[in-house]
Amino acid sequence: MRIGELSRRTGVSERSLRYYEQQGLLGPRRRPSGYREYVESDLDVVRRIRTLLAAGLSTAIIAEVLPCMVDDGERLVPACPELAVELDRERDRITGHIDELTDARAMLTEIIAATAASHPAADDCEVLDAAAGPRRRQPVAR
DNA sequence: ATTCTGACA
DNA sequence: TGTCAGAA
């Protein structure tokens, strides 16, 4: 199948599909026309990629881990032993990231408190409004 | 009609 | 990641 069909069947944009290939996550063969030719099994590969991406793994890590993962239809199951340590390391990396963000938030909270203290009537402060920005919250990619 | 690559008011 | 251009 060509990229258009894979895109429709997986719900993943053609743009992302080409990007995954650049990252070494997919290796479709080419038709003489230069068009990418995917196989049925690529459908599962793409699903695995999406799952791993949603788990917060980088494409580099996914490239290493992908061939060691098999989809039993419901969940991803590790097929290699060294995979466990690799994933555990990623988990710690993500935990570290969370800690950094938690610290950053705490510092901002203090600064905001100090600002409010010195500016009792700042409810019409354009700078603060801009800083607050459009508080939008996006759902986790799936 | 589809896909490809490269680039970004 | 979207999206548009210019070519095949």
Side-chain angles (χ1 to χ4, degrees), chain A residues 1-116 118-119 121-142:
Chain A
M1 75 185 96
R2 290 173 309 185
I3 197 169
E5 185 180 342
L6 182 62
S7 176
R8 282 186 293 93
R9 297 221 271 167
T10 59
V12 175
S13 69
E14 297 182 9
R15 175 73 159 78
S16 293
L17 255 15
R18 297 191 183 100
Y19 174 69
Y20 297 160
E21 182 178 342
Q22 280 191 299
Q23 302 307 298
L25 275 33
L26 283 173
R29 299 180 45 183
R30 299 295 184 119
R31 292 185 172 184
S33 60
Y35 287 8
R36 274 165 264 250
E37 183 64 33
Y38 298 93
V39 294
E40 289 298 307
S41 59
D42 285 328
L43 284 166
D44 293 275
V45 175
V46 172
R47 295 185 184 117
R48 266 174 283 170
I49 292 173
R50 297 297 286 191
T51 299
L52 266 10
L53 242 23
L57 301 186
S58 65
T59 56
I61 295 300
I62 294 177
E64 298 176 28
V65 163
L66 201 52
C68 295
M69 293 281 242
V70 69
D71 196 332
D72 71 339
E74 181 60 26
R75 313 178 180 216
L76 291 184
V77 181
C80 305
E82 59 277 79
L83 186 57
V85 298
E86 195 71 23
L87 293 178
D88 204 77
R89 224 181 67 178
E90 282 308 298
R91 185 197 115 277
D92 290 341
R93 187 178 62 76
I94 292 173
T95 297
H97 194 175
I98 290 175
D99 291 343
E100 289 180 14
L101 288 173
T102 298
D103 288 345
R105 182 179 58 184
M107 288 189 237
L108 280 178
T109 297
E110 289 180 42
I111 293 173
I112 291 171
T115 303
S118 59
H119 272 311
D123 41 82
D124 65 321
C125 178
E126 293 177 33
V127 178
L128 288 181
D129 285 343
R135 12 1 194 172
R136 29 187 151 72
R137 189 156 301 171
Q138 302 189 327
V140 178
R142 187 176 307 171

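Residue numbers start from 1 in every chain, and the chains themselves are labelled A, B, ... in the order their sequence lines are given, proteins ahead of strands.
- For A/R8 and B/dA1, the CZ to P distance is 15 Å, given to the nearest whole Å.
- Classification of A/E5 and A/R2 as a salt-bridged pair fails, no side-chain N sitting under 4.0 Å from a carboxylate O.
- Two residues are said to be in side-chain contact when any heavy atoms from C-beta on lie closer than 4.5 Å; A/Y20 and A/V12 meet this criterion.
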Query raised in the report: Would you write out the dot-bracket form of DNA chain C, 5' to 3', with Watson-Crick and G-U pairs under 3.5 Å, [ ] for crossing pairs, | for pairs to other strands and . for unpaired bases?
Result: .|||||||

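- Put simply, CZ on A/R30 is 19 Å from P on B/dT2, counting in whole angstrom units.
- Only at 4.0 angstrom or more do the heavy atoms of residues 37-46 of chain A sit from any atom of DNA chain B, so none qualifies.
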Requested in this report: Assess whether side chain to side chain contact (heavy atoms under 4.5 Å, CB included) is satisfied between A/V45 and A/L25, documenting all intermediate values.
Outcome: CA-CA 8 Å; A/V45 175; A/L25 275 33; 6.0 Å; no

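- Annotation for A/R105: atom CZ does not count as buried by contact number, only 12 or fewer foreign heavy atoms lying within 6.0 Å.
- A heavy-atom distance below 4.5 Å is found between the side chains of A/M1 and A/L43.
- Counting heavy atoms from C-beta on, the side chains of A/M69 and A/L52 come closer than 4.5 Å.
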Query raised in the report: Which letter, B, S or -, goes with each nucleotide of nucleotides 1-8 of chain C from 5' to 3', with contact meaning a protein heavy atom under 4.0 Å?
Result: BBB----B

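- For A/R36 and B/dT3, the shortest distance from a side-chain N or O to OP1 or OP2 is not below 4.0 Å.
- A residue-by-residue look at A/E5 and A/Q22 shows that A/E5 has its nearest nucleotide of DNA chain B further toward the 5' end.
- Salt-bridge annotation for A/R89 and A/D92: absent, with no side-chain N of the basic residue lying under 4.0 Å from a carboxylate O of the acidic one.
- Contact check for A/V39 versus A/D42: side-chain heavy atoms found under the 4.5 Å cut-off.
- Looking at A/D88 and A/R91, their side chains come closer than 4.5 Å, going by heavy atoms from C-beta outward.
- Using a 4.0 Å cut-off between charged nitrogen and carboxylate oxygen, A/R9 and A/E40 count as a salt-bridge pair.
- A salt bridge is defined here as a Lys NZ or Arg NE, NH1 or NH2 lying under 4.0 Å from an Asp or Glu carboxylate O, and A/R31 with A/E37 meets this definition.
- A/R18 places its CZ atom 6 Å from the C1' atom of B/dC4, with the value rounded to the nearest Å.
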